Each structure stands twice: as C-alpha cells, then as structure tokens.
Amino acid sequence: MRLGLALGYWGRGPSPSHLDLATEAERLGYDSVWTAEAWGSDAFTPLTWIAAHTSRIRLGTAIAQMAARTPTATAMHALTLDHLSGGRMMLGLGLSGPQVVEGWYGRPFPASPLTATREYVDVVRQVLRREAPVALDGRFHTHPYRGEDGTGLGKALKPITHPLRADLPLLLGAEGPKNIAQTTRIADGWLPLYWSPTRTDVYQASLTGLPEGFMIAPMARAHVCEDVSEGLLPVKAMLGFYIGGMGHAARNFHADLMARMGYGDEARRIQELFLAGRRQEAVLAVPDAFADEISLVGPRGRIAERLELWRKGPVTDLLVTAPDPHTLRVLADLNG
C-alpha cells in the first residue's frame with residue numbers, strides 16, 4: 001500500500017505549511033501528493049507550485065470538479081502539468097453535487113450523472129490520445145458544438161501540444177454503487193470519500209472484476225496524538241460540514257453514503273442540526289465511532305494496529321491528511 005499526502009483546498013487563504021509538508025512527504029518516500037477544490041482555491045495552481053519545488057513525488061487532483069471546466073480545458077490543464085512535471089500528473093475528477101454545481105458554477109446538475117461522467121472521461125481520453133480530432137455527439141458534451149444557439153462553424157480539433165503520456169492516469173471520485181461500478185470500467189482508479197477498512201462489504205458488489213493496476217485511493221485524516229477524542233474533532237468537523245452542509249436536505253450524496261455505511265439515523269440528525277443553523281451541535285452529533293473508523297488517530301501503537309487493517313484490504317494508495325511532519329514520519333516508518 002503506497003502512501004500519499006492529501007492537502008485538500010485552501011481555507012481563508014493559502015496554507016503556509018502545504019509546501020513544507022509536500023517536500024517532507026517526498027523526502028520520506030511518499031508516492032504522491034494531492035490537491036482539491038471546492039468554491040475557493042483551484043486544484044491545479046497549487047499543484048503546479050508543488051511540482052516546481054519537487055522532483056519525484058507524483059501529483060494528483062482529488063478532486064478537480066467537472067463543472068468547473070469543459071473536458072477539453074481539463075485535459076489541457078492535465079497535459080500541461082504532466083509536461084512541466086516530467087510525467088508525474090494524475091487527474092482525479094468528480095461531479096460534486098447539485099448545491100455546488102448550480103449554486104457556484106451556475107450550471108444545471110446533470111439529470112444523468114453516470115452519462116455525464118462517461119462523456120467527460122471520453123473527451124479527456126480523446127485529447128490525451130491525440131489520435132484524431134475530438135468528436136462526440138453526446139447528451140451533455142458535444143464536440144464540435146451543434147446546438148441551435150451556435151454558429152455552426154465549429155471545427156473538430158485535436159490538441160496542438162502533443163501530450164507527454166496518452167495513458168496519463170485518470171481517477172474518479174464516486175460515491176453511489178452504480179457510479180463506483182462504472183468507475184472500475186472507464187477509469188484507472190477510484191477516490192473514495194469515506195473508507196472504513198472494517199466495512200469493505202459496503203463496496204464489494206461495485207468492485208468485482210477490477211482491472212489489473214486499478215487504484216483504490218481513499219483519503220483519511222491521520223494524527224499522532226495521545227488524546228483520541230481530541231484528535232477526532234477535526235474529522236468530526238469535516239463530517240459535520242460535508243454531511244450537513246454539502247448538499248440539500250433532500251439530496252446529499254455524502255449523507256447517503258454515511259447511511260449506507262450503517263449510520264443512517266445519525267446522518268439525518270447531523271443534517272437537521274446543520275440546516276437549522278446549529279453547526280456546532282451537528283459536529284458533536286457525528287459519532288466518534290464513525291469518525292474513528294475512517295481515520296488514523298491516536299498514539300503510535302494504536303495507529304500501527306489500525307494501519308494493518310488498511311493494508312490487508314484492497315486499498316492500493318492511502319491518501320493521508322496530516323497536520324504535522326511528525327505524523328508523516330510515523331506513517332512512513334510504520335508502512336515500511
């Protein structure tokens with residue numbers, strides 16, 4: 001099981017520790033470093049900055065939002081950074097949800113998310129292969145554009161720049177069972193949002209017949225500390241925000257996933273509290289047990305025992321969000 005460093009997205013401003021953590025992760029032998037985006041900082045610019053200060057560690061987006069860019073624009077970002085980094089780029093994509101797509105990007109959330117994802121990936125793959133001009137007569141993506149509001153002058157094109165790698169790894173952030181199953185067929189890897197090494201049966205039906213080399217790369221908060229309850233508070237804060245605030249009461253993919261993992265009543269309660277403006281109560285309503293099983297928190301010995309559970313399962317890459325270099329060093333040592 002390889003280790004990766006997940007830096008996420010910025011809060012109010014750039015994190016002064018991200019570059020130091022990335023360079024330390026490279027020094028320790030971590031395989032990859034990942035950035036993200038929500039509705040603030042983008043995923044590609046910080047990753048380019050990190051690429052300029054490192055030489056070996058692989059670079060991934062976990063995730064870049066599909067609604068933020070056309071698939072050809074995303075492919076341009078990926079092929080450009082792949083060239084600049086000497087072939088270290090991995091492209092992680094996700095649809096996000098209706099609240100973000102419609103509220104932030106001002107676009108309709110696709111009525112058929114699986115079709116929209118499949119078409120998006122198809123276009124990106126066409127750009128990277130550069131075998132012919134990009135052409136797709138899709139439901140959500142059409143190249144060239146043939147809509148009634150167009151000029152009719154669109155021309156099928158292929159990229160001027162020759163991509164460094166036609167097989168640049170493409171991973172998808174997927175949560176629903178059908179979406180995960182599709183991911184195993186059209187992508188090179190899967191970026192689970194929540195992964196419990198003791199509940200792998202939740203995903204078993206979607207992960208049958210995995211192709212050789214397929215990556216399963218979940219993110220997990222890691223923190224070496226003495227007080228487990230205190231160490232879990234950032235995990236609970238993240239869960240409270242995602243379960244309660246990253247979606248509508250009637251449609252929240254994160255809450256649905258928590259329910260499939262056995263915490264349906266708790267997910268509904270978190271939503272109710274968060275949407276009522278009682279955010280701190282929503283965070284405290286997150287069960288310690290759930291926060292604990294999807295993270296690696298506590299003293300070194302405890303983390304060592306729990307890390308073995310992750311290593312025994314199908315996870316190929318563990319992407320850790322770690323607040324300090326000491327935690328990165330401990331995990332590198334424990335993972336061998």
Side-chain angles (χ1 to χ4, degrees), residues 1-6 34 62 171-181 183-184 189-210 214-243 252-270 283-322 327 330-336:
M1 184 179 71
R2 297 177 294 254
L3 291 178
L5 170 65
W34 303 75
L171 300 88
L172 292 174
E175 296 181 45
K178 292 181 180 179
N179 202 354
I180 297 169
T183 296
T184 67
W190 172 43
L191 295 160
L193 180 62
Y194 310 135
W195 180 275
S196 169
T198 61
R199 296 178 190 265
T200 56
D201 57 306
V202 172
Y203 304 112
Q204 187 172 357
S206 301
L207 296 176
T208 56
L210 291 178
F214 187 83
M215 294 174 62
I216 298 178
M219 283 181 278
R221 168 82 174 186
H223 188 196
V224 178
C225 59
E226 292 302 316
D227 190 328
V228 174
S229 295
E230 184 177 343
L232 288 175
L233 286 176
V235 185
K236 296 177 67 167
M238 176 273 293
L239 287 168
F241 177 61
Y242 273 73
I243 302 301
N252 183 314
F253 302 135
H254 311 310
D256 293 343
L257 175 57
M258 184 176 175
R260 286 196 298 275
M261 296 179 75
Y263 294 91
D265 292 340
E266 293 86 345
R268 285 187 290 274
R269 181 57 178 162
I270 294 166
V283 169
L284 295 177
V286 175
D288 280 9
F290 182 56
D292 194 26
E293 67 183 85
I294 64 170
S295 59
L296 288 162
V297 172
R300 178 190 173 105
R302 186 176 192 268
I303 289 179
E305 293 176 1
R306 299 172 72 82
L307 187 63
E308 283 304 307
L309 296 175
W310 292 77
R311 290 162 59 93
K312 290 177 181 177
V315 171
T316 62
D317 297 75
L318 175 59
L319 313 184
V320 298
T321 61
T327 295
V330 169
L331 285 172
D333 184 46
L334 293 176
N335 200 49

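Everything quoted here is computed from the prediction, not taken from an experiment.
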Quiz question: by atom type and distance under 3.5 Å, do the side chains of R2 and N335 form a donor-acceptor pair? no
Test side chain to side chain contact (heavy atoms under 4.5 Å, CB included) on H254 and L257 and set out the steps. CA-CA 5 Å; H254 311 310; L257 175 57; 5.7 Å; no
State, to 0.1 Å, how close [X] and [Y] come at their nearest heavy-atom pair, and which atoms those are.
| X | Y | value |
| --- | --- | --- |
| E226 | P299 | OE1-CG, 4.0 Å |
| V315 | P218 | CG1-CD, 3.6 Å |
| P234 | R221 | CG-NH2, 3.6 Å |
| F214 | T184 | CE1-CA, 3.6 Å |
| L319 | A217 | CD1-O, 3.6 Å |
| N179 | A174 | CG-CB, 3.6 Å |

Could you give the distance from [atom1] ([X]) to [atom2] ([Y]), rounded to the nearest 0.5 Å?
| X | Y | atom1 | atom2 | result |
| --- | --- | --- | --- | --- |
| T183 | K178 | OG1 | NZ | 14.0 Å |
| E293 | M261 | CD | CE | 5.5 Å |
| D317 | L3 | CG | CG | 9.0 Å |
| L232 | M238 | CG | CE | 10.5 Å |

Please confirm whether the backbone N or O of [Y] pairs with a side-chain atom of [X], one donor and one acceptor, at under 3.5 Å?
| X | Y | result |
| --- | --- | --- |
| D201 | Q204 | no |
| R260 | E175 | yes |
| S206 | P177 | yes |
| T327 | V224 | yes |

Could you go through W310 and M1, starting from their C-alpha distance and side-chain angles, then the distance that decides it, and tell me whether this counts as side chain to side chain contact (heavy atoms under 4.5 Å, CB included)? CA-CA 8 Å; W310 292 77; M1 184 179 71; 4.1 Å; yes
Side-chain contact, heavy-atom cut-off 4.5 Å: [X] with [Y]?
| X | Y | value |
| --- | --- | --- |
| W190 | T316 | no |
| P192 | I216 | yes |
| I180 | L207 | yes |
| P314 | T200 | yes |
| V286 | I270 | yes |
| F290 | L239 | yes |
| D288 | K236 | yes |
| D333 | R300 | yes |

Going through the checks in order, is the side chain to side chain contact (heavy atoms under 4.5 Å, CB included) test met by L171 and M215? CA-CA 8 Å; L171 300 88; M215 294 174 62; 4.0 Å; yes
Going by side chain to side chain contact (heavy atoms under 4.5 Å, CB included), name the residues that satisfy it together with E266, two or more places apart in sequence or in a different chain. M258, Y263, P287
Quick one: do R311 and E308 make a salt bridge, cutoff under 4.0 Å? yes
Do the charged groups of D292 and R302 touch, with an N to O distance under 4.0 Å? yes
Yes or no on side chain to side chain contact (heavy atoms under 4.5 Å, CB included) for I303 and V297, after CA distance, side-chain angles and deciding distance? CA-CA 6 Å; I303 289 179; V297 172; 5.9 Å; no
